[in-house]
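So that the names make sense, note that chain A is the first sequence line, chain B the second, and so on, each numbered from 1. Just so you know, these numbers come straight off a predicted model, no measurement behind them.
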Amino acid sequence: MISALWVMIALSVILGIVLGYAAIRFKIEGNPLVEKIDAVLPQTQCGQCGHPGCKPYAEAIAKGESDINLCPPGGDEGIHKLADLLGVEYKPFGGDAKPKAKAVAFIDEQTCIGCTLCIQACPVDAIVGAAKQMHTIIASECTGCELCLPPCPVDCISMDTIAENINNWKWQHPVIIPVRAVA
Amino acid sequence: MTNYLLIIIGTVFVNNIVMVKILGLCPFMGVSRKLETSLGMGAATTFVLTLSSGASYLISHYLLGPDLAYLTTLSFIVAIAGIVQFTEMVIKKTSPDLYQVLGIYLPLITTNCAVLGIPLLNVQANHNFIESLLFGFGGAVGFTMAMVLFAGIRERMEGADTPAIFKGAAIAMITAGLMSLAFMGFAGLVK
Amino acid sequence: MFSSPFISQPSSVSQIMLRVLLALIPGIAFYVWYFGPAILVSLTLASITALVTEALMLKLRNRAIKPFISDNTALLTAWLLALSIPPLAPWWLIVVGTAFAIAVSKHLYGGLGSNPFNPAMIGYAVLIISFPAPMTHWITPHSVDGVSLSFAAQWSYIFSGVLPSGLTLDAVTMATPLDTLKTQLHLGLSVSEIRDMPIYGRLAGHGSEMVALGFAIGGMYLLFTRIISWHLPLVYLGTLFAVAGLFHVFDPTHYVTPLFHWFSGAAMIGAFFILTDPVTSPTTAKGKIIFAAGAALLTYLIRVFGGFPDGMAFATLLMNICVPLIDIYTQPKVFGKKGAGK
Amino acid sequence: MRALHTFHGGVHPSTHKAESTRTPIRQARLPSQLIIPLWQHVGNRSVPIVQVGERVLKGQKIGRPEGKLSSAVHASTSGTVSAIDMQLVAHHSGLPDLCVTLIPDGQDEWITHAGVDVTQTSHAELRHLLRKAGVVGLGGAVFPSDLKTDAHRRQMKTLVINGAECEPYITCDDLLMRERAQDILRGAELLRELLQAEEVLIGIEDNKPEAIAAMQLAVTQAGYRNMEVLCIPTLYPSGGAKQLIRILTGIEVPAGVRSTEMGVQCFNVATAYSAWRALAHGEPVLSRIITVTGNVCEAQNFEVLIGTPLDELIALAGKQADTNRYIMGGPMMGIDLPSGTVSVTKATNCIIASSPKLFPPPAPAMPCIRCIRCADVCPADLQPQDLYWFAKSNNFGKAQEFNLADCIECGACAYVCPSNIPLVQYYRYAKSEIHERSVEKLAADKARERHEYRQFRIEREKTEKAERLAQKERDAAAAKASFEAGLAAAENAQQQSINEAIERAKVQAATTHALNTEALTQEQLAKIAEVDARRAKMRKLAATAGADDEPPKS
Amino acid sequence: MKLTEIKAIFHNGLWKQNPGLVQLLGLCPLLAISNSAVNAISLGLATTLVMTLSSGAIAPIRSYVPNEIRIPVFVLIIAVLVTVVQYLMNAYMYGLFVVLGIFIPLIVTNCIVLARAESFASKNPPLASALDGMAMGLGLTTVLTVLGGVREIIGKGTLFSGIDLALGESTKSWVIHVIPDYHGFLLAILPPGAFIGLGLLIAGKNWLNLRAEAKTRNNQSSTPIVGEAVQG
Amino acid sequence: MKRIARSTLQTAINLAFFAVIGTAILAATFSLTHDAIESTIEAEKLKLISQIVPPNQYDNDILRDVKNLPADALLGTSAPTIAYIARLKEQPAAAIIEVVAREGYSGNIRLILAIRPNGELSGVRVLAHKETPGLGDYIDIGKSDWIKGFDGKSRITWGDAQWKVKKDGGQFDSMAGATITPRAVVKEVSQTLQYFALHRDELFAPTTVSASTHVTGDSK
Ligand SMILES: Cc1cc2nc3c(=O)[nH]c(=O)nc-3n(C[C@H](O)[C@H](O)[C@H](O)COP(=O)(O)O)c2cc1C
Ligand SMILES: Cc1cc2nc3c(=O)[nH]c(=O)nc-3n(C[C@H](O)[C@H](O)[C@H](O)COP(=O)(O)O)c2cc1C
Ligand SMILES: Cc1cc2nc3c(=O)[nH]c(=O)nc-3n(C[C@H](O)[C@H](O)[C@H](O)COP(=O)(O)O)c2cc1C
Ligand SMILES: Cc1cc2nc3c(=O)[nH]c(=O)nc-3n(C[C@H](O)[C@H](O)[C@H](O)CO)c2cc1C
Ligand code: SF4
Ligand code: SF4
Ligand code: SF4
Ligand code: SF4
Ligand code: FES
């Protein structure tokens, strides 16, 4: 009985010392993961995931506060990537916003009054133009987040879905193996 | 010498800890989705397992002895838990990536049956120190080998036209079953 | 929208498989010659089971039945399984084995082309582990100790399990040459003494050696029609010969000749028909060599030191497990990158 | 005879070349209209520089190159521009693209043109002329030849002239070599001069004895010492630049590496010919030799004006009733054309009229049985069955690991596959997906950058504002103090605060107006303008195109 | 605590988060000991007991344990409980004790026990934790029993053989011979049979889930899967 | 540094605290169950013995009345084992010996035999074997009654030459396709009988001091 106690005490004290020491010695600070996650996110900065931009969402995921299936622009693809990165099971899209076809904003120069409101809204500075001047959107920079639509007082901004043309056309996945049973 | 060799062969192939002894299945199932991951997990487990079978030998022979035998499980598992926790901290510090992937499974090494099972088997077969170490090491290598091969097959199966209800865990289980069927071929190699 | 190319060589899966089936004929012919027509019964049973199971699984999986049922792979699986179990085995044995092979080890994985394990060998392994007793009763070849069963007798034994009065099971069946070898060595006899037993012929088991020869002939046909590459059979038989030779030279009283190993058990059919299953063997040349060598080593180990008389099936399955990794780590250098270390 | 090398794999489809080599090259008659795509080459689409209704002369430039990797487009005959709009073009997508439609006036009136004395002209000048003449690779890659003739200051050893023409049915290069060997060789010599290559090797498959004879004769006649005509075994795809270079020189050009970096460059015979015509006679690429074969009355080769509609070309060879579609190029790598309304381009080396009898639709694909016949014939030493597996399961990362990029889409694998799997389509699918992802990745990174810059800018503005507020407080305090100091000091205190007010106003102005324009680099500013111009135009065109013809999807 | 909560906990343990079928934890005993119904039930119940007690015991002390020794302390507690159970069985159910052999001490390392301690007991009040432990335990026991029963029937043709080891000689007659003079499909009671059997069970559960989903989808309009729109 | 030391110590003490409690509980359980366990194991032992020697045939404390047998080739043992002696009214009733058949199909087969003073087998049982399930395992009483075939047999019933399986011209049945296992068992049993013949008297000599209370046998 007594010997038993001594044995276990000895054992646990040794361990306790090792662990207690290790706990301090190997403390880690910061989380390198956020960068990795952020790199996977589409950077549309649209906030549809319920976070103000992609980075915050990345942080939320890294902290485990947020699920991996909330980014519409990322699409299924993105969820799969995150699942792989984090070594968790893939799960279908869980957010409420639905993904849209890719689009870029287009400002109707005739109506634009140059109020600069959209400029302040655009998260990636894709809109150029100064006060009282007609604004234009650099299509190549626009992420299609639509954040510039609400503020425009004269509703001169429209979203053009990018139509399929020779440049962006893609080969289709060939469907093989007759799926329906013929017999 | 041959005795030692037989222990290694025995633990790695004939009595493979996962396929034949059916131990350590949770990590075997959980961490075998990707080749790299399974390799990392295998390495970590090997480290812990070898260490703990050594430690447990010392404990059971120098601390416990026959009359405190009833403390075996308790003392072993505490020691193991300590070793694992230590390993976890070290990995967390040294390679965050590996830590990320191994994620929940590192603490679960503690609960990897093999990690307690092998020391207990060591006691049962009253191995000496070297034998215990080899037994632990061999078992871990066997575990890693099985898991890595399994991961290979699972990666290849990803593209397959598996029936919906069998996708994922179900077909993985069946694959493990067929693997252990194959491993029965080693039966009787080391009597 | 079609993609190029718009022309293609006339060849099809079913045609390839048909050729392999044909290549099995010589072996089967010898089989019938030496052991009687029982084998034909089990071949038929296996074929029917295979086709029925295949159709059923396709229906359950909601896939087109016609193209797949006519691709002959199920038949091939069935034949190879039937050829590797005792012809006199009760009818339900082959049925269970074939059904398991097709349903579990092929269709649960997505059917043709997706199965990591060789279905026929899975079937064999399942049977020998589940029903070892019937799996060790092999017909005694004609002209060995007189007794030989008429076809009718064989038939009735397969389906009802009754033998003609006055005949015991031991009288009409025997353990396979490999098995007997193992048993007798176990009893302390020497190789030469054992080889003098009536069941042995010039190379190996009387009769079975000729069957093996038949399979070898068929295998040659496959080689020349380029359906299989030389790597697997050559390396397999080569390695087996080398290992067996080594042991034989160093202790001829306990280890039989390499030729014995070649012509007994499933070595020949394995080398040409089983290891070569394209679906479950590596695709790279280097990979094939590793695969075959490994299989040969395991076969020998299991035959000589292991718990089973023949190791072919388990060796195949064990190497099947390694195939994905072998493929990954033996990728050939691509055009233009040969010089540069990859 | 020098020792030839070999490449891995390859296939022997039956060649079907005899049909179209019976008669010499025939001039195609002037078509009723010419639809000239502005995008016939690798690189950027060239920009139209003519107006609708304008009359243009034969050889007049109607599209100017856009950026470095681009080329010029010319009017193939004299006539009036009737439209500049979206028309169906010969492309896998079956989608329309910007074309100039020309109504010939029948006079075929040349613009004033003259060749240069190639020996007296600087290389840079010659390259510029090639670019102006719209000379691009006529072997199928339509890569701007001016770029390919730039050796990038590498020591060039060999210039390979590609007369292999390994694809079945195609015979345009064959006849070109039989009939115009002289000019081809002059062109080759010219290209060699440009590349400063030591030797010229001309590779021709041994199924074209006449062409080989003609070329060898021409060499000896002209007495080029460093030029050699080599007869290579018939094996598809020996005409692939990399394969041919390998056969003739033993050099393997890895994917992503320019052949020039390894001291060799490869040009097609037709390219050499057109290069000579362009420089020595000042004739831009207005026409090319095209094999019209397959399901037609008499298969033969025509010299066809770029932009000639397919229907009119086929009519010349005699259209068969049961023709259901056309293949541009060979049966191994060609493009499937849904309709005959598209026009021929510089890339069009062959038109095969196909019927269900001639090219029956592929048998239903079975799963891959890993028989590795594909791997055995892959000239790039790839593992097609693995690539297929990854492409099929959208595992693009692995596909790239397994060197999908090295696939030259030759189709040999699909040709031998017993399961009739459309392998090449899988690879093209995977490639375009991968390409799209890389584009998206770049965009995302750019967006991240700009977003972060913006955060930073807003931060800075905040801090500046804060400072200004602090400043204000201090001023106020100061003001109070000065007030106590007495009236005497009063007005200069006022003076001071006024000054500060002005200061503040200044600062305000400085910070408010600029907004994010400061974030823009110079060329971005430049871009804004023309980006918008172009987009506006495209929208108009798109609108019109959408109006009159929807692209029929196949 | 409210009935609904209890319901939820048990639904989780027995079906939604079933250790054996969904979480894939606690597999070793599940596969190794499920070669006969009796063994399966016995070990299952033993595990359930331990889980209930351990979760119940860990919940109250969770706040006093510093993080770096969290796991050692948890396993320590579990180990103690297990060893107690082990000795009790050794004393009063010797036959069974011999059969279950090494897997009794291995309850300690049964992943599911610690997993629950970590993920539930260390965040919830004692009662709830105890219930969760029990629910999970029962979930495991159920799967064990089904698997054990199936394997025994297919493999031996009997059911509840060896029940006498658990409940004494008197119960020997309870053994059911489902299929008389049966050849015995040995594969089922050997390791491969365990894996394959569990695989089939999991597939079965997926099938039920799919059918349930299909039902609900038919009821209310289906929601499009993300990504459809993205791939133009 | 000081901080580290302190926190380290804290953890240690913390862990020790729990360890102490745990150990206490365990120790308690152990001491409570210890005797019970001892007795169950003995009970098991007796149950086993009663299978081969009916309880009514002896009245001594059989587990205390033991002889130490040194390792012996005939017994197939490589370490000393123990024989239990059954006596009825001080008269030897049977000797219970544990032996090992070394030539099983897959390894050793552990047997326990009871031999009456007249050299007649009272009973044989298999304690542990690794023979192939479904083939070699019919020697197990749980699978078939084959093992009962030894009851009442002795070297008088059959001469040593007869102690073989029928297939080898002996007296004992064997299942076709699995003769290795029975061969091994039969051989070992007959050897044990020979051993008994040699050592009969030492075995049945009255036990002076109860050699040891240590129980061998099938206890894990
Ligand atoms: C994007 C791209 C850029 C290239 N740049 C050059 C170049 O600068 N110089 C050159 O000689 N070839 C260049 N090449 C051409 C290739 O190196 C190759 O020689 C040419 O495509 C002919 O081979 P092919 O027609 O078989 O593809 C380029 C090709 C591509 C696709
Ligand atoms: C599979 C394949 C086959 C080709 N066959 C030929 C051919 O037969 N003749 C030819 O001139 N170019 C052929 N090409 C194109 C050449 O690779 C290369 O583009 C051309 O020879 C470069 O010369 P160019 O830039 O003048 O066209 C082929 C390309 C590929 C990928
Ligand atoms: C997988 C397998 C397991 C076997 N296991 C045993 C066994 O446990 N015991 C046995 O006596 N024979 C066993 N045998 C049979 C022996 O190999 C040998 O065939 C048999 O003992 C010879 O008996 P016979 O002389 O009656 O033919 C097994 C055979 C196989 C194929
Ligand atoms: C050369 C060759 C060998 C084959 N060998 C086997 C075999 O050993 N077992 C088998 O089940 N199928 C075999 N098949 C048929 C087929 O590949 C096999 O059923 C696939 O595994 C089914 O997916 C073979 C096919 C070929 C062409
Ligand atoms: S929804 Fe996606 S793209 Fe939009 S902000 Fe969130 S993470 Fe970024
Ligand atoms: S322009 Fe509008 S839509 Fe485009 S990125 Fe800026 S805010 Fe988003
Ligand atoms: S040829 Fe076809 S079937 Fe054969 S391996 Fe290649 S892709 Fe698979
Ligand atoms: S298409 Fe690509 S993969 Fe197929 S043979 Fe040609 S290069 Fe190889
Ligand atoms: S590893 Fe999880 S229960 Fe054994």
From CA spacing to verdict: side chain to side chain donor-acceptor pair (under 3.5 Å), D/Ser339, D/Thr341: CA-CA 6 Å; D/Ser339 84; D/Thr341 64; 2.8 Å; yes
Residue that, paired with D/Glu165, satisfies side chain to side chain contact (heavy atoms under 4.5 Å, CB included) out of D/Asn349, D/Ile170, D/Asn207: D/Ile170
Greater than 12 external heavy atoms within 6.0 Å of D/His12's NE2: yes
So for [X], is it side chain, backbone, both, or neither that comes closer than 4.5 Å to the heavy atoms of chain C?
X        : answer
D/Ile335 : backbone
D/Ala380 : both
D/Val253 : backbone
D/Ile369 : both
D/Pro362 : side chain
D/Asp376 : neither

Top of D/Pro379, D/Gly334, D/Gly411, D/Ala414 for chain C proximity - count of heavy-atom pairs under 4.5 angstrom: D/Gly334
Residue among D/Arg373, D/Arg325, D/Gln243, D/Gln383 with most heavy-atom pairs under 4.5 Å to chain C: D/Gln383
Any residue meeting salt bridge (charged side-chain N to carboxylate O under 4.0 Å, His left out) with C/Lys288, in chain and number order, not counting sequence neighbours: none
salt_bridge(D/Arg370, C/Asp327) N-O dist < 4.0 Å: yes
Is [X] close to chain D through its backbone or its side chain, or both, or neither, when contacts mean heavy atoms under 4.5 Å?
X        : result
C/Asp277 : neither
C/Leu112 : both
C/Ser229 : neither

Donor-acceptor pair between D/Gln320 and D/Ser355 side chains, under 3.5 angstrom: no
Minimal non-hydrogen separation, D/Trp389 against C/Ser114, with atom names: CH2-OG, 4.0 Å
NZ on C/Lys59 to CD1 on C/Ile69, rounded to 0.5 Å: 11.5 Å
